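Note: hydrogens, waters and symmetry copies are ignored here, and every other heavy atom, side chains too, is used. Along the sequence shown, residues carry numbers from 1. A quick note: this is a predicted structure, and the numbers were derived from the prediction, not measured.
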Amino acid sequence: MHVPSSPPLPSRNIELKARLRDLDAAQDVARRVATASRGTLQQTDTYFRCAEGRLKLREIDGSEAQLIWYRRSDSTAPRASDYLLVPVTDAAGLKQALSGALGVHVVVAKQREVYLHHNVRIHLDRVTSLGNFLELEAVVGGDVNDAAAHQQIGRLAADFLVSPSDWIGTSYSDLLLLPPDQRGD
């Protein structure tokens, strides 16, 4: 008798997204605080309709792809995000299957500069039709718990001079679905 295996446990991070008023200044801060850089990536995220959380196929520079499911609150404050990343070898085929089964919700295109500060991913995003954003993701695990990750995010947000009035509580996909005059800056 075959017993199904347990689904994989999601990974977790504490994240903050903020609108950037000065991309050049943010790049200077990122270079100063980064312990590593991953360069600049072209990403296309195709979001699919789903019953819980968000599901997207991320295509990176036309050569790499991941299916990403995540769940998080739509709070503007730093918040927990639970997620699963699945490597994809046939992005076109998977996109076609998920489009047929679930329907495409929205497509987000962005240029992303990726920096690392220890366990924190720093993303400087230029999102088509939306503008420039900072995204901080402190990976929880090992000796970093939720409280420590919140402290890291707070320190880095201060370094980047983003204030609560700059914080964004929704995903880029949600912003794109708003009428242009309601998307903010």
Side-chain angles (χ1 to χ4, degrees), residues 10-23 26-27 30 38-116 120-139 153 157 160 162 166-185:
S11 298
R12 184 178 187 86
N13 64 37
I14 303 300
E15 66 179 53
L16 174 69
K17 187 177 301 186
R19 191 171 295 281
L20 278 178
R21 304 203 182 279
D22 187 341
L23 180 61
Q27 288 168 323
R38 297 269 169 88
T40 301
L41 308 171
Q42 299 296 325
Q43 295 182 345
T44 302
D45 292 342
T46 302
Y47 283 79
F48 301 95
R49 300 182 196 292
C50 67
E52 183 180 338
R54 293 179 175 96
L55 181 68
K56 63 185 174 184
L57 176 64
R58 170 164 290 159
E59 297 173 273
I60 305 167
D61 292 328
S63 62
E64 181 185 341
Q66 300 171 319
L67 184 65
I68 303 169
W69 172 84
Y70 66 100
R71 177 181 48 223
R72 67 156 194 257
S73 70
D74 284 338
S75 166
T76 56
R79 68 240 185 221
S81 177
D82 297 310
Y83 60 95
L84 290 171
L85 301 175
V86 179
V88 173
T89 57
D90 182 1
L94 182 61
K95 186 188 295 186
Q96 186 175 6
L98 290 174
S99 296
L102 303 173
V104 172
H105 191 53
V106 68
V107 176
V108 176
K110 64 182 170 279
Q111 182 178 27
R112 171 169 277 179
E113 292 178 54
V114 181
Y115 299 89
L116 300 176
V120 181
R121 295 182 293 253
I122 300 169
H123 300 151
L124 302 180
D125 293 336
R126 288 178 284 272
V127 184
T128 302
S129 300
L130 292 180
N132 300 325
F133 297 85
L134 167 70
E135 190 172 75
L136 302 171
E137 298 176 341
V139 178
I153 294 296
F160 281 94
V162 292
D166 299 316
W167 297 354
I168 305 294
T170 61
S171 74
Y172 299 139
S173 64
D174 295 333
L175 289 174
L176 280 172
L177 292 170
L178 293 172
D181 63 331
Q182 294 179 18
R183 294 177 182 169
D185 291 20

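- In this structure, the separation between OH on Tyr70 and OG on Ser11 is 15.0 Å, given to the nearest 0.5 Å.
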Exercise for review: Take Trp167 and Ser75 through the side chain to side chain contact (heavy atoms under 4.5 Å, CB included) test and state the conclusion after the steps.
Suggested key: CA-CA 9 Å; Trp167 297 354; Ser75 166; over 6 Å; no

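- Aromatic ring orientation, Phe133 versus Tyr172: tilted (interplanar angle from 30° to 60°).
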If you apply the rule side chain to side chain contact (heavy atoms under 4.5 Å, CB included), what do you find for Leu55 with Ile68, and how did you get there? CA-CA 6 Å; Leu55 181 68; Ile68 303 169; over 6 Å; no

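- Using a 3.5 Å distance cut-off with no hydrogens or angles, the side chains of Gln43 and Glu59 do not pair a donor with an acceptor.
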- Derivation of the side chain to side chain contact (heavy atoms under 4.5 Å, CB included) call for Gln42 and Ile60: CA-CA 6 Å; Gln42 299 296 325; Ile60 305 167; over 6 Å; no

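- For the side chain to side chain contact (heavy atoms under 4.5 Å, CB included) test with Ser173, the passing option among Asp45, Val107, Val108 is Val108; the others fail.
- Lys95 has its side chain within reach of Phe48: a pair of non-hydrogen atoms, C-beta onward, lies under 4.5 Å apart.
- Using a cutoff of 4.0 Å between basic side-chain nitrogens and carboxylate oxygens, Arg19 and Asp166 are not scored as salt-bridged.
- With respect to the salt-bridge test (charged N to carboxylate O, under 4.0 angstrom), the residues Arg54 and Asp74 qualify.
- Between Leu116 atom CG and Ile122 atom CD1 the span is 7.5 Å, to the nearest 0.5 Å.
- Atom CD1 of Ile14 and atom CZ of Arg79 lie 10.0 Å apart (nearest 0.5 Å).
- Within a 6.0 Å sphere centred on CD of Gln96, heavy atoms belonging to other residues, nucleotides or ligands number 12 at most.
- Side chains of Leu177 and His105 form a contact here, defined as non-hydrogen atoms less than 4.5 Å apart.
- By the 4.5 Å heavy-atom criterion applied to side chains, Glu15 and Ile153 are not counted as neighbours.
- For the atom pair CG of Asp82 and CH2 of Trp69, the computed distance is 6.5 Å after rounding to the nearest 0.5 Å.
- With values rounded to the nearest 0.5 angstrom, Lys110 atom NZ is found 13.0 Å from Leu124 atom CG.
- Classification of Arg126 and Glu113 as a salt-bridged pair holds, one side-chain N sitting under 4.0 Å from a carboxylate O.
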Please assess Arg121 against Asn13 for the test side chain to side chain contact (heavy atoms under 4.5 Å, CB included), listing each intermediate value before the final yes or no. CA-CA 10 Å; Arg121 295 182 293 253; Asn13 64 37; 3.0 Å; yes

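- When side chains are defined from C-beta on, Ser171 counts as touching Arg72, because their heavy atoms get closer than 4.5 Å.
- Using a 4.5 Å heavy-atom threshold, the side chains of Leu98 and Leu102 count as touching.
- Ionic pairing of Arg112 and Asp125 is present here: one or more N-O contacts between side-chain nitrogen and carboxylate oxygen are shorter than 4.0 angstrom.
- Taking the side chain as every heavy atom from C-beta outward, Val88 and Leu57 approach each other to under 4.5 Å.
- Scanning all heavy atoms of the two residues, the minimum distance from Ala157 to Leu16 falls at CB-CD2, 3.8 Å.
- Rounding to the nearest 0.5 angstrom, the gap separating the CZ atom in Arg183 from the CG atom in Leu130 is 5.5 Å.
- Thr40 is listed as a side-chain neighbour of Gln111, based on a closest heavy-atom distance under 4.5 Å.
- The pair Arg58-Glu64 does not meet the salt-bridge criterion, since no charged nitrogen lies less than 4.0 angstrom from a carboxylate oxygen.
- For Arg38, the CZ atom sits in a loose shell: 12 or fewer heavy atoms of surrounding residues, nucleotides or ligands are nearer than 6.0 Å.
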